[in-house]
Engineer: 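I'd like to ask you about the structure that follows.
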Amino acid sequence: MRLLFSIGAVLVAGVLAGGDVAGIAAPGPKFEPPRSEPQRLAADKDAQAVDVELILAVDVSYSMDMDELAIQREGYAQAIQSKEFLQALKMGPNGRIAVTYFEWAASTDQKIIIPWRLVDGPETADAVAAEIMKTPIRRASRTSISGAITFAMPLFDEDPYRGLRRVIDISGDGPNNNGSPVTVARDAALEKGIVINGLPIMVKEPSYSTMDIDNLDYYYEDCVVGGPGSFVIAIKDRDKFKEAIRTKLLMEVAGRTPERPVVRVADKDKEPRVNCLIGEKIWSDRWGR
């Protein structure tokens with residue numbers, strides 16, 4: 001595995017040892033209250049300030065089997081409730097985050113499971129975890145990462161909280177094969193100052209029936225993620241599924257990055273290692289459209 005899961009333990013140790021979370025956070029939106037009632041508005045601003053606005057965008061396409069979908073749900077719920085997550089949460093400048101969780105498949109198929117919620121301690125974390133687990137598991141057709149990113153962007157405008165960072169967290173087990181090209185959606189998000197992180201799921205051998213690809217981690221690095229401190233954690237071992245999710249959330253809450261952060265190939269004037277339209281090509285070759 002190209003990114004070591006021991007990063008999670010290192011992160012927690014660093015945060016609990018007094019690591020400077022605020023110093024490594026990307027600049028967030030500025031708060032400029034109107035001239036009227038400045039003291040009250042300043043208090044409201046403080047009450048709404050969070051360390052990160054985090055969107056969890058979770059793949060439920062048919063290429064994900066029911067066991068993977070169940071482990072994925074459990075992984076997010078357990079990670080949010082974990083002692084490590086709650087400890088990292090308290091080390092932030094505000095000690096709280098805003099999170100929303102939605103499932104996605106085709107370009108027109110996104111379903112919000114958890115609307116924006118404030119997570120500031122065990123009680124709110126338990127409530128979010130319970131909401132995740134009580135929703136019936138579903139599956140749907142096609143894979144539109146671009147659709148997920150496009151759907152996610154305006155959700156930040158609906159968030160009542162304001163964070164130092166805005167992050168879209170994409171997890172999935174295949175390339176984009178529906179909707180607009182993924183790089184178009186990614187670049188639109190980056191222009192808005194949004195960071196995109198990725199969790200490519202690679203626990204099955206690629207097959208023609210599911211239209212999976214080799215080197216999905218390269219695809220995510222070159223075609224999906226971007227922004228300051230963006231990263232990819234690939235899951236290549238089913239037994240590491242939950243650990244990877246916990247590691248990813250810890251890094252996002254603390255504003256940390258892996259030891260080897262992602263550098264977009266576009267920033268280095270190099271061609272992507274994977275064709276960013278490979279999913280669309282596979283679909284076209286298979287179905288003739």
Side-chain angles (χ1 to χ4, degrees), residues 1-3 55-69 72 102-111 138-153 168-191 194-227 230-236 238 241 244 248 262-267 270-289:
M1 186 172 295
R2 298 173 61 241
L3 291 178
I55 294 178
L56 302 175
V58 178
D59 181 8
V60 293
S61 61
Y62 280 121
S63 58
M64 295 278 290
D65 62 43
M66 293 300 291
D67 185 47
E68 287 175 333
L69 292 173
Q72 184 171 239
F102 75 85
E103 297 174 339
W104 58 271
S107 61
T108 57
D109 187 342
Q110 299 89 23
K111 181 180 179 181
R138 74 182 185 101
R139 300 169 76 195
S141 62
R142 304 299 294 269
T143 299
S144 183
I145 300 173
S146 61
I149 295 173
T150 300
F151 178 81
M153 285 190 284
I168 300 173
D169 182 325
I170 299 281
S171 63
D173 70 342
N176 193 79
N177 64 34
N178 180 241
S180 65
V182 66
T183 52
V184 172
R186 175 201 63 192
D187 292 346
L190 300 189
E191 288 179 3
I194 297 168
V195 173
I196 303 175
N197 295 328
L199 187 77
I201 301 166
M202 307 168 65
V203 298
K204 297 192 297 282
E205 288 295 324
S207 69
Y208 178 79
S209 62
T210 58
M211 293 184 291
D212 296 332
I213 63 171
D214 291 316
N215 298 321
L216 183 64
D217 48 351
Y218 290 167
Y219 176 87
Y220 263 68
E221 288 187 3
D222 293 355
C223 309
V224 179
V225 308
S230 60
F231 62 84
V232 168
I233 296 181
I235 305 176
K236 297 183 180 180
R238 192 180 292 263
F241 211 121
K248 175 175 59 69
V262 171
V263 177
R264 290 177 54 215
V265 292
D267 295 335
K270 292 183 179 180
E271 290 297 319
R273 293 162 291 180
V274 179
N275 180 359
C276 291
L277 294 174
I278 189 171
E280 289 86 346
K281 183 179 185 304
I282 293 173
W283 183 272
S284 178
D285 290 345
R286 181 174 177 180
W287 299 106
R289 61 179 186 275

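Given the structure is predicted, the values throughout are model-derived calculations rather than measurements.
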Engineer: Considering non-hydrogen atoms only, spot the tightest contact between S180 and S146 and give its length.
Structural biologist: O-OG, 2.6 Å

Engineer: Does the distance from a Lys or Arg side-chain N to an Asp or Glu carboxylate O, for D109 and R142, drop under 4.0 Å?
Structural biologist: no

Engineer: So, the side chain of D217 versus the backbone of Y219: is there a donor-acceptor pair under 3.5 Å, distance only?
Structural biologist: no

Engineer: How long is the span from the CD atom in E191 to the CZ atom in R186, to the nearest 0.5 Å?
Structural biologist: 11.0 Å

Engineer: Just how far is it from atom NZ of K236 to atom CG of L216, taken to the nearest 0.5 Å?
Structural biologist: 9.5 Å

Engineer: Rounded at 0.5 Å granularity, tell me how far CG in L56 sits from CD1 in I168.
Structural biologist: 11.0 Å

Engineer: Closest heavy-atom contact between V182 and V224?
Structural biologist: CG2-CG2, 4.1 Å

Engineer: Which value, rounded to the nearest 0.5 Å, describes the distance between S171 atom OG and I233 atom CD1?
Structural biologist: 12.0 Å

Engineer: Q72 and M64: which non-hydrogen atoms are nearest, and at how many Å?
Structural biologist: NE2-CE, 3.6 Å

Engineer: Check whether any side-chain N or O of N197 sits under 3.5 Å from a backbone N or O of F231 as a donor-acceptor pair, and report yes or no.
Structural biologist: yes

Engineer: Distance-only, no hydrogens or angles: does the S230 side chain make a donor-acceptor pair with backbone N or O of V195 under 3.5 Å?
Structural biologist: no

Engineer: Any non-hydrogen side-chain atom of P181 less than 4.5 Å from a side-chain atom of N176?
Structural biologist: no

Engineer: Give me the atom names and distance for the closest heavy-atom approach of P175 to G279.
Structural biologist: CG-CA, 3.7 Å

Engineer: CZ/R139 to CD/E68 distance, rounded to the nearest 0.5 angstrom?
Structural biologist: 9.0 Å

Engineer: Return the minimal non-hydrogen interatomic distance between F102 and A152, and the atom names on each side.
Structural biologist: CE2-CB, 3.9 Å

Engineer: If every non-hydrogen atom of V274 is compared with every non-hydrogen atom of D222, which pair is closest and at what distance?
Structural biologist: N-OD2, 4.0 Å

Engineer: For the residue pair K248 and D169, establish whether any side-chain heavy-atom pair is separated by less than 4.5 Å.
Structural biologist: yes

Engineer: Using a 3.5 Å distance criterion without hydrogens, assess whether the side chain of Y220 forms a donor-acceptor pair with backbone atoms of G172.
Structural biologist: yes

Engineer: Is there a donor-acceptor contact under 3.5 Å from the side chain of W104 to the main chain of A57?
Structural biologist: yes

Engineer: Rounded at 0.5 Å granularity, tell me how far OG in S61 sits from CG in N177.
Structural biologist: 8.0 Å

Engineer: Please check: side-chain N/O of D173 versus main-chain N/O of I201, any donor-acceptor pairing under 3.5 Å?
Structural biologist: no

